[in-house]
Peer 1: 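The structure's right below; bear with me while I get my questions together.
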Amino acid sequence: MSYALFSVNAVMSGLYYAFFGAVCGCIAVMAALIAVFGRRARRNVKKESVTRLPNGFSPLDVKRIFIGKSYPRKLTRALLVYWAQRGYIMIEHVGRYTVKVHILEYPPEHDRSDALFFDRGTYVRERDLFLLLAKKSRGGKPVNILRPLFTKDDVKAINGKYAVREDEGVYSSKHYKLKIISLCLAVAPMLLSAVWGCFFGQFVMLLCLGTALIGMFVLMFIREMPILFKAIWCGIWLGVSFGGYVNIAAAGWIYDPFYMTYLSVCFMITGALFFIRFVDYRVKNNLAEYSDLVNYRKHLLFAPASELEKEDYWEALPFVYAFGIKMFCKRKFGERAVPEWYVTDGERGALL
């Protein structure tokens, strides 16, 4: 009897070490992907000063090169200032966060000599967005600069007109394969520990894993849900899922001397939400532009005020918005006179 019990314990211990080794292996592979691919773009950033972006760079190009998609719905302020600075629109102050847009002229067609664009695929979409703005601004309808200028359906309809994907030339199929592999690696340890729990009759761990996956999917991929509601909903959903999962291990209902359950939960959270962002594979012809953007953002953030005061704040403002760094560098530019394209009775509003 004692020999049989010893054999069972030996087998279970061996299985546990196998499961724990597999969990550690997933973490090691993720670390290797980060080491090999995660820093690839950064390693190719040239050590040089960039104080101005080439003609044709738009806020859409900034987003596209940094994260693979332009996300015009997040660029309301950047696009308004960019188009105004180029003489296409006049902006009238209405309230602190509200303006009216007056169309002065339309951006030239992409095949005209006066069309300045960094990337043809982004420029034609940009012009379509501008035409849509012209349609939406008829009748003097106010625009809230804190809200998306375009709806999800607007952007989808514009992108659907073109055969070339918006992220073409930025990321290859290899990039998306790496993202999928990384996401699977983040989930795999929790799946392994759930399967281990099933050996002790704790099938509820699989249920907790399933609900956690739903919560993570909503948190990572459902972008149209209101931020506050999404935070509360996902917080409750994930809190209950992870809490129930860890509680089983804390109660001692499974054999887990190395705290594999805790490790797998922590890694799923950090891997899916944080580490996966470092697995980035860009095509080579995109790295030069990425380098320019990284160095320009570094210039805006870290150049002394005496240097930024000499530069054109209104020319830089669209990219300050696109980078999301206005609060960190605006003061260094100093107080500037209201630009010619901004109509106001004395109030500057939040846009400037």
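Just so you know, these numbers use all the heavy atoms, side chains as well, and skip hydrogens, waters and symmetry mates.
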Peer 1: Test side-chain hydrogen bond (donor to acceptor under 3.5 Å, both in side chains) on Ser193 and Tyr245; report intermediate values, then the result.
Peer 2: CA-CA 10 Å; Ser193 61; Tyr245 196 87; 2.3 Å; yes

Peer 1: How long is the span from the CZ atom in Phe37 to the CD1 atom in Ile181, to the nearest 0.5 Å?
Peer 2: 8.5 Å

Peer 1: Between CE of Met268 and CG of Leu238, what distance do you get to the nearest 0.5 Å?
Peer 2: 7.5 Å

Peer 1: Would you check if Leu60 and Tyr71 make a side-chain contact, meaning some heavy-atom pair closer than 4.5 Å?
Peer 2: no

Peer 1: Would you call the rings of Phe199 and Trp196 parallel, tilted or perpendicular, taking 30° and 60° as the class edges?
Peer 2: tilted

Peer 1: Between the main-chain N or O of Ala249 and the side-chain N or O of Tyr259, is there a donor-acceptor pair closer than 3.5 Å?
Peer 2: no

Peer 1: With a 4.5 Å heavy-atom cut-off, do Lys141 and Val101 have their side chains touching?
Peer 2: no

Peer 1: Decide yes or no on side-chain contact (heavy atoms from CB on, under 4.5 Å) for Thr76 and Arg147, but give the supporting numbers first.
Peer 2: CA-CA 7 Å; Thr76 296; Arg147 296 177 180 174; over 6 Å; no

Peer 1: Could you walk me through whether Thr51 and Glu311 pass side-chain contact (heavy atoms from CB on, under 4.5 Å), step by step?
Peer 2: CA-CA 9 Å; Thr51 59; Glu311 299 186 12; 4.1 Å; yes

Peer 1: If hydrophobic clusters are built by linking Ile, Leu, Val, Met, Phe, Trp and Tyr wherever their side-chain heavy atoms come under 4.5 Å apart, do Val94 and Leu351 end up in the same one?
Peer 2: no

Peer 1: Can the ring centres of Tyr106 and Tyr88 be said to be less than 6.0 Å apart?
Peer 2: no

Peer 1: Could you report the tightest heavy-atom contact between Leu75 and Pro59, atom names first, then the distance?
Peer 2: CD1-O, 3.7 Å

Peer 1: Under 3.5 Å, is there a donor-acceptor pair between the side chain of Arg125 and the main chain of Val155?
Peer 2: no

Peer 1: Considering all heavy atoms of both residues, which atom of Lys230 and which atom of Leu219 are nearest to each other, and what is their separation?
Peer 2: NZ-O, 3.1 Å

Peer 1: Begin with the C-alpha distance, continue with both residues' side-chain angles, and end with the deciding distance and a verdict on side-chain contact (heavy atoms from CB on, under 4.5 Å) for Val218 and Trp233.
Peer 2: CA-CA 9 Å; Val218 172; Trp233 189 91; 3.7 Å; yes

Peer 1: Are Arg348 and Glu335 within salt-bridge range, i.e. N to O under 4.0 Å?
Peer 2: yes

Peer 1: Under a 3.5 Å cutoff, is there a donor and acceptor pairing between the side chains of Ser58 and Tyr123?
Peer 2: no

Peer 1: Looking only at the aromatic ring of each residue, does the gap between the centers of Phe200 and Tyr255 stay below 6.0 angstrom?
Peer 2: no

Peer 1: Please report the interatomic distance CG(Asp128) to CZ(Phe150), rounded to the nearest 0.5 Å.
Peer 2: 10.0 Å

Peer 1: Do Phe323 and Leu301 have side chains that approach each other closer than 4.5 Å (heavy atoms only, starting at C-beta)?
Peer 2: no

Peer 1: Could you state whether Val195 and Phe258 fall into the same hydrophobic cluster, counting links through intermediate Ile, Leu, Val, Met, Phe, Trp or Tyr residues with side-chain heavy atoms under 4.5 angstrom apart?
Peer 2: yes

Peer 1: Lys100 side chain to Ile91 main-chain N or O, any donor-acceptor pair under 3.5 Å?
Peer 2: no

Peer 1: For Glu126 and His110, test the side chains for any donor-to-acceptor distance below 3.5 angstrom and give the result as yes or no.
Peer 2: no

Peer 1: For the CZ atom on Phe328, are there more than 12 heavy atoms of other groups (residues, nucleotides or ligands in this structure) within a distance under 6.0 Å?
Peer 2: no

Peer 1: Should Met190 and Phe203 be regarded as members of a common hydrophobic cluster, given that ILVMFWY residues are connected when their side-chain heavy atoms come within less than 4.5 Å of each other, either directly or indirectly?
Peer 2: no

Peer 1: How many angstroms lie between CG in Leu149 and CZ in Arg73, if you round to the nearest 0.5 Å?
Peer 2: 10.5 Å

Peer 1: Assigning hydrophobic clusters by single linkage (Ile, Leu, Val, Met, Phe, Trp, Tyr; side-chain heavy-atom cutoff under 4.5 Å), is Phe274 placed with Ile180?
Peer 2: no

Peer 1: Is any side-chain N of the basic residue among Asp154 and Lys136 closer than 4.0 Å to the acidic one's carboxylate O?
Peer 2: yes

Peer 1: Is Glu347 atom CD crowded by more than 12 heavy atoms from other residues, nucleotides or ligands, each under 6.0 Å away?
Peer 2: no

Peer 1: Using every non-hydrogen atom in the two residues, find where Ala350 and Tyr321 come nearest and quote the distance to one decimal.
Peer 2: O-OH, 3.4 Å

Peer 1: Under 3.5 Å, which donor-acceptor pairs do the side chains of residues 20-34 form with other protein atoms, sequence neighbours left out?
Peer 2:
none

Peer 1: If you round to the nearest 0.5 Å, how far is CG of Leu206 from SG of Cys198?
Peer 2: 4.0 Å

Peer 1: Backbone N or O of Val279 within a donor-acceptor pair of the Lys179 side chain at under 3.5 Å?
Peer 2: yes

Peer 1: With a 4.5 Å limit on heavy-atom distance, are the side chains of Glu307 and His299 in contact?
Peer 2: yes

Peer 1: Ignoring hydrogens and geometry, is there a side-chain-to-backbone donor-acceptor pair from Asp256 to Thr261 under 3.5 Å?
Peer 2: yes

Peer 1: Do His93 and Leu352 have side-chain heavy atoms sitting under 4.5 Å apart?
Peer 2: no

Peer 1: Looking at Phe57, is its backbone amide N or carbonyl O close enough to the side chain of Asp61 to form a donor-acceptor pair, meaning the two atoms are under 3.5 Å apart?
Peer 2: no

Peer 1: Any salt bridge linking Arg86 with Glu315? Criterion: basic side-chain nitrogen under 4.0 Å from a carboxylate oxygen.
Peer 2: yes

Peer 1: Kindly assign one of parallel, tilted or perpendicular to the pair Phe66 and Tyr290, based on the angle between their ring planes and the thresholds 30° and 60°.
Peer 2: perpendicular

Peer 1: So which heavy atom on Gln202 is nearest to which on Ile254, and how close?
Peer 2: CG-CG2, 3.7 Å

Peer 1: How many angstroms lie between atom CZ of Arg64 and atom CD of Glu289, to the nearest 0.5 angstrom?
Peer 2: 9.0 Å

Peer 1: Determine the minimum heavy-atom distance between Tyr296 and Ala316, stating which atoms define it.
Peer 2: OH-CB, 3.5 Å

Peer 1: Any salt bridge linking Arg127 with Glu109? Criterion: basic side-chain nitrogen under 4.0 Å from a carboxylate oxygen.
Peer 2: yes

Peer 1: Write down the atom of Arg297, the atom of Ile325, and the distance for their closest heavy-atom approach.
Peer 2: CG-CD1, 4.2 Å

Peer 1: So, do Leu104 and Trp341 sit near enough that their side-chain heavy atoms are less than 4.5 Å apart?
Peer 2: no

Peer 1: List the steps, then state whether side-chain contact (heavy atoms from CB on, under 4.5 Å) holds for Arg77 with Leu146.
Peer 2: CA-CA 8 Å; Arg77 290 169 291 180; Leu146 299 181; 4.2 Å; yes

Peer 1: Any side-chain heavy atom of Leu273 within less than 4.5 Å of one from Met220?
Peer 2: yes

Peer 1: Does a donor on one side chain sit under 3.5 Å from an acceptor on the other, for Thr98 and Asn144?
Peer 2: no

Peer 1: With the side chain counted from C-beta on, respond yes when Ile103 and Ser137 share a heavy-atom pair under 4.5 Å apart, and no when they do not.
Peer 2: yes

Peer 1: Ignoring hydrogens and geometry, is there a side-chain-to-backbone donor-acceptor pair from Lys63 to Pro72 under 3.5 Å?
Peer 2: no

Peer 1: Does the plane of the ring in Phe333 sit parallel, tilted or perpendicular to the ring in Tyr313? Use 30° and 60° as the thresholds.
Peer 2: tilted

